[in-house]
Amino acid sequence: MDNPLSNLPLDWVHAFEAAGRLGSFTAAAQETGLTQAAISQRIGHLETRLGVALFIRKPRGVVLSVEGEAWLPYVTHALGTLRQSSEELFGIQRKRLTVWSSASVLEHWIAPRLAGLSLGADVQLSFKTLMLASEDNPQLRGVRLRYGSGDWSIPHRARLFDEVLAPVAAPALMQGVDPDRWQDLPRIGLSGPRMGWHEWADHTGDAPTPIPHLRFDTFTAALAAARAGAGVLLASIPLVEQALATGMLVRLSDDALPSENSYWMVAERGELTQRQWNTLTAAFCT
């Protein structure tokens with residue numbers, strides 16, 4: 001047999017919470033946009049389902065019963081949690097702006113620049129991870145951070161930073177090693193569109209690079225391995241600036257491999273206002 005307390009209609013519970021909190025059916029009706037009779041009817045249905053009087057009716061109003069007073073804090077808390085979780089998870093679609101980014105750019109470039117950023121009290125900035133294969137997908141609504149030359153027919157385009165690559169390693173890996181002999185250390189390889197160790201050797205004139213003994217498909221994973229002392233990574237210097245500044249990594253060469261490609265912030269027309277675009281470019285683009 002079904003539990004009579006299961007599946008309580010939420011509109012009944014809302015009516016009770018408003019009336020109990022405000023101490024009046026009339027005030028609850030004004031807050032919810034219902035009539036006083038509708039509030040009274042819903043609370044009556046709720047009381048019948050629960051088998052207990054939640055209010056004591058008096059000639060000039062109502063007061064909570066002992067049972068109603070005991071239950072009210074739980075109901076208020078539950079409805080508040082429901083409201084808050086709904087706003088956090090779903091927001092209001094017309095006031096949410098989504099930014100699609102690779103995990104590495106989000107963690108190492110965007111996140112350190114979020115403090116103090118605001119597009120207005122009524123706008124929620126939502127970040128979602130973007131896979132490399134989807135970077136050029138114009139069907140993604142919002143702002144995309146994509147890698148390339150920037151030669152795209154897209155209304156809004158702004159370069160995040162000038163891409164420069166150089167070898168980095170954890171200080172622990174360099175202990176007891178002549179800094180000029182870092183080329184003898186294990187290498188970390190990275191799959192994807194960035195230039196790699198072969199291009200580094202061509203650019204600097206270094207000896208041909210040994211085959212990396214570790215290879216990763218994301219910059220974040222490769223960087224974690226480098227920080228752990230697993231090898232030397234040819235890293236995007238803008239993305240490791242914080243790790244270099246804190247001493248978690250050290251740069252092993254003054255040479256640098258510049259790239260024509262970099263990360264760009266792009267958006268189609270109508271995805272955001274000009275003011276929002278200006279705010280984002282000021283925060284994220286050098």
S.K.: Hey, are Glu47 and Arg57 close enough for a salt bridge, meaning a charged N less than 4.0 Å from a carboxylate O?
M.R.: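 Salt bridge: yes.
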
S.K.: In the structure I gave you, are the side-chain heavy atoms of Thr273 and Leu119 within less than 4.5 Å of one another anywhere?
M.R.: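 Of all side-chain heavy-atom pairs linking Leu119 with Thr273, none is under 4.5 Å.
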
S.K.: Between Arg194 and Glu199 (salt bridge meaning N to carboxylate O under 4.0 Å), is one present in this structure?
M.R.: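 Answer for the salt bridge query: no.
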
S.K.: Is there a path of hydrophobic side-chain contacts, each under 4.5 Å between heavy atoms of I/L/V/M/F/W/Y residues, joining Leu106 to Tyr263?
M.R.: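 Yes, one cluster joins them.
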
S.K.: Find the distance between CZ (Phe16) and CG (Leu72) and round it off to the nearest 0.5 Å.
M.R.: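 Here the interatomic distance stands at 5.0 Å.
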
S.K.: Trp197 and Leu223: same hydrophobic cluster, using ILVMFWY side-chain contacts below 4.5 Å?
M.R.: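 Each belongs to a different hydrophobic cluster.
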
S.K.: With rounding to the nearest 0.5 Å, note down the distance linking CG in Leu64 to CH2 in Trp71.
M.R.: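 It comes to 11.5 Å.
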
S.K.: Looking at side-chain heavy atoms only, is the closest gap between Ile237 and Arg251 below 4.5 Å?
M.R.: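 With C-beta onward as the side chain, the pair touches.
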
S.K.: Sorted by first residue and then second, give each ring-ring contact (aromatic ring centres under 6.0 Å, His included) pair with at least one member in residues 218-249; sequence neighbours left out.
M.R.: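 Checked against ring-ring contact (aromatic ring centres under 6.0 Å, His included) - neighbours excluded - no pair reaches residues 218-249.
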
S.K.: Decide if atom CG of Leu10 counts as having more than 12 heavy atoms of other residues, nucleotides or ligands within a radius under 6.0 Å.
M.R.: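 Yes, CG of Leu10 has more than 12 neighbouring heavy atoms, counting only those of other groups under 6.0 Å.
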
S.K.: With side chains defined as the heavy atoms from C-beta onward, is the minimum distance between Leu185 and Val177 less than 4.5 Å?
M.R.: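 Leu185 vs Val177: side chains touch.
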
S.K.: How far does CG of Leu214 sit from CG of Leu190, to the nearest 0.5 angstrom?
M.R.: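 Atom-to-atom, Leu214:CG and Leu190:CG are 12.0 Å apart.
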
S.K.: Do the non-hydrogen side-chain atoms of Trp200 and Ser253 ever get within less than 4.5 Å of each other?
M.R.: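 The answer is yes; the side chains approach within 4.5 Å.
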
S.K.: Going by the side chain to side chain contact (heavy atoms under 4.5 Å, CB included) test, name the single residue among Gln276, Arg141, Arg144 that passes it with Glu271.
M.R.: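 The passing option is Arg141.
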
S.K.: Kindly indicate whether the side chain of Phe25, heavy atoms from C-beta on, has any atom under 4.5 Å from the side chain of Val62.
M.R.: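 Yes - at least one pair of side-chain heavy atoms lies under 4.5 Å apart.
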
S.K.: Rounded to the nearest 0.5 Å, how far apart are CG of Leu280 and CZ of Arg275?
M.R.: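 One gets 10.5 Å once the value is rounded to the nearest 0.5 Å.
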
S.K.: Taking the side chain from Ser102 and the backbone from Thr129, do they hold a donor-acceptor pair closer than 3.5 Å?
M.R.: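 Such a contact is absent between Ser102 side chain and Thr129 backbone.
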
S.K.: Do Ile188 and Pro212 have side chains that get closer than 4.5 Å, going by heavy atoms?
M.R.: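 Not touching, per the 4.5 Å side-chain cut-off.
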
S.K.: For the hydrophobic clusters of this structure (ILVMFWY residues joined by side-chain heavy atoms under 4.5 Å, transitively), does one cluster hold both Leu233 and Leu252?
M.R.: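 As far as the 4.5 Å side-chain criterion goes, Leu252 and Leu233 are not connected within one cluster.
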
S.K.: Going from CG on Leu173 to CG on Leu249, what distance comes out if it is rounded to the nearest 0.5 angstrom?
M.R.: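 With rounding to 0.5 Å, CG (Leu173) is 10.5 Å from CG (Leu249).
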
S.K.: Does Leu114 share a hydrophobic cluster with Leu272, counting links as ILVMFWY side-chain heavy atoms below 4.5 Å and allowing steps through other members?
M.R.: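 Linked within one cluster.
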
S.K.: Any side-chain heavy atom of Asp202 within less than 4.5 Å of one from His198?
M.R.: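 In short, these two side chains touch, coming nearer than 4.5 Å.
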
S.K.: Is there side-chain contact between His156 and Gln274, with heavy atoms separated by less than 4.5 Å?
M.R.: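 His156 reaches Gln274 side chain to side chain.
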
S.K.: What distance do Asp255 atom CG and Asp206 atom CG have between them, rounded to the nearest 0.5 Å?
M.R.: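 Result: 7.0 Å between the selected atoms.
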
S.K.: Just wondering, are more than 12 heavy atoms of other shown residues or ligands nearer than 6.0 Å to CG in Asp151?
M.R.: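 Check fails, neighbour count at 12 or below.
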
S.K.: Provide the full list of ring-ring contact (aromatic ring centres under 6.0 Å, His included) pairs with a residue in residues 100-122, sequence neighbours left out, each pair given once.
M.R.: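 Listed once each, the pairs are Trp109-Phe161.
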
